[in-house]
Structure formats: structure tokens, C-alpha cells
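Comments concern the structure below.
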Amino acid sequence: MAHIDPPKSRRHTAPLVILIAIAFGLAVLFRDSLSFEALAENREVLLAYRDAHYGLSVALFIAAYTSIVAFSLPGATIATLTGGFLFATFPGALFNILGATSGACLLFLAARWGLGDWLSAKMEAGSERTQRIKRGLDENQWSMLFLMRLAPVVPFFVANLLPALLGASFHRFAISTAVGIIPGTVIYTSVGAGLGKVFEAGTTPDLGLIFEPHILLPILGLCALAILPIFLNYRTKRDA
């Protein structure tokens, strides 16, 4: 009996369906483990393990962070704080950036393999208005990708999936992710580095720190720089 391959669309969507199913299962299984309370309760065990096996601790931490982002688990902020708590602001921020970027890239590739080609083809074959939107995104990929990373109002999960579904190039996505998350990651890692005093006081960290004017305004300035090429490109085309 001849072997019949599954439809191409089914093969392409399978990775994304599997990823969503695993993410849901892990979210249910570890919903109580990826929390500030769990970190507070296990801090001494984590610190002791880090001191005894530093290199392995770094590898396990990056792998765990990568998994959290790749499977879109609700624990990325806690993971960032943990990176600062265990490894200080530096190299903790470096480990956080590596884990977050690796996870984002895996999710991007899963989405691209699953739906990216299909959606891109639909856009190319769509209405003139749809094609204009697609071309606009193609022409301003760098600016849009950096803007999604820098703007604190864009959920990290959305910023991982949307570029894949809109046909952004992988290398641009990877570079803009690694560079664009630096400001926010360093801020939250520094908060995590000070958790020792927070635990001693029996309080919780101020995660709204990123919205303080002296921190938010420089980030908004970077957002404005990301938007500037889009504006200049628009003016150039309008005046042509």
C-alpha cells in the first residue's frame, strides 16, 4: 500500500500545535514554581547549588530561561529576577539576554515553519491594501523589530510571534531581540541583584521601576530613534 504524506499545511502547522500543547501543559505543571514566592522559599538551596556548581548552574539557568520563553510560560520576569539574584547584575544580565534571545528565536522558527510561509503567501495574493501593509513592514523591518523590543507596552510573546508571521528575516529578528531587550533586561536584572535585602525585609520587589521617569524617558527616546527611519522613509516617498 502506497504511503500517503499528510497535507503540506498540516505538516507546517504541526510544530506550532505541538508547541502550544507543550506550553499549556508546562504552564499548568509549573504554575506554582515560576513565582516570586517559590524563589523566596528556595533561595538558600539555589545559592548553595550555585556556589557548589557555578558552571552547571549557569548552563541550567540559561536552558531553563530558554524553555520558559520558547514555550511562552508565565515566568519570564521571575526568571530575569532570578538571574540577577544568582549571578548579580553582570554577568546575570548577559545570561538573561542569552536565554531570552535563544527562546525567542526557537519560538520564531516554530511559528515561521508552522504558519509564516502560508501567511506570507496569503498576503502576497491578497488585496492591494494588504500588499501595501506587507511592503511597509518589509521596508521598515529593522525599525519595527527594535520598536517592538524597546516599547514596554508590547508583550514579549507577541513580539516573538508577530515578526515570524509577517515574514521578517531571522537574522534581523535575532539581532534586534538581543540588542533591543538590553535596557529592560539590565533594569530587571539589577532589581533581582537586590533581592537579598528584599527577602530579609519580607517585602516584594518594585517591578514598576521601569515606568519611573528617569528610566522610562531614555527608553522612550530609543523608541523615537527606532521610529525616525520609518518617518523619514514615509516623507521621502511622499515627496518623490
**Prompt:** What distance separates Ile97 CD1 from Ile181 CD1, expressed to the nearest 0.5 Å?
**Reply:**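 Reported to 0.5 Å precision, the distance equals 5.5 Å.
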**Asked** Measuring from Asp51:CG to Leu86:CG, what's the distance to the nearest 0.5 Å?
**Response**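 Output value for this atom pair is 9.5 Å.
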Where is the tightest heavy-atom contact between [X] and [Y], given as atom of each residue plus distance?
{"X": "Ser190", "Y": "Thr89", "answer": "CA-OG1, 3.4 Å"}
{"X": "Ser57", "Y": "Tyr49", "answer": "OG-CD2, 3.2 Å"}
{"X": "Gly75", "Y": "Ile68", "answer": "C-CG2, 3.9 Å"}
{"X": "Ala93", "Y": "Val186", "answer": "CB-CG2, 4.2 Å"}
{"X": "Ser176", "Y": "Leu145", "answer": "OG-CB, 3.3 Å"}
{"X": "Thr189", "Y": "Gly83", "answer": "CG2-C, 4.5 Å"}

Flag side-chain contact, heavy atom, 4.5 Å: [X] against [Y]:
{"X": "Thr82", "Y": "Tyr65", "result": "no"}
{"X": "Thr177", "Y": "Cys105", "result": "no"}
{"X": "Leu107", "Y": "Val69", "result": "no"}
{"X": "Phe87", "Y": "Arg50", "result": "yes"}

Going only through I, L, V, M, F, W and Y residues with side-chain contacts under 4.5 Å, is there a path from [X] to [Y]?
{"X": "Val191", "Y": "Leu94", "result": "no"}
{"X": "Leu60", "Y": "Leu81", "result": "no"}
{"X": "Leu47", "Y": "Val58", "result": "yes"}

[X] side-chain N/O to [Y] backbone N/O, donor-acceptor pair under 3.5 Å:
{"X": "Arg149", "Y": "Phe146", "answer": "no"}
{"X": "Gln141", "Y": "Ser169", "answer": "yes"}
{"X": "Arg112", "Y": "Ala168", "answer": "yes"}

**Item:** Single hit among Thr80, Leu195, Ile78 for side-chain contact (heavy atoms from CB on, under 4.5 Å) with Phe85
**Value:**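 Answer to the side-chain contact (heavy atoms from CB on, under 4.5 Å) test with Phe85 among Thr80, Leu195, Ile78: Leu195.
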**Centroid-centroid distance, Phe108 to Phe170, less than 6.0 Å** =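 Yes.
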**Message:** Looking only at side-chain N and O atoms, does Thr185 offer a donor or acceptor that is under 3.5 Å from a partner on Asn96?
**Reply:**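 Result is no, nothing qualifies.
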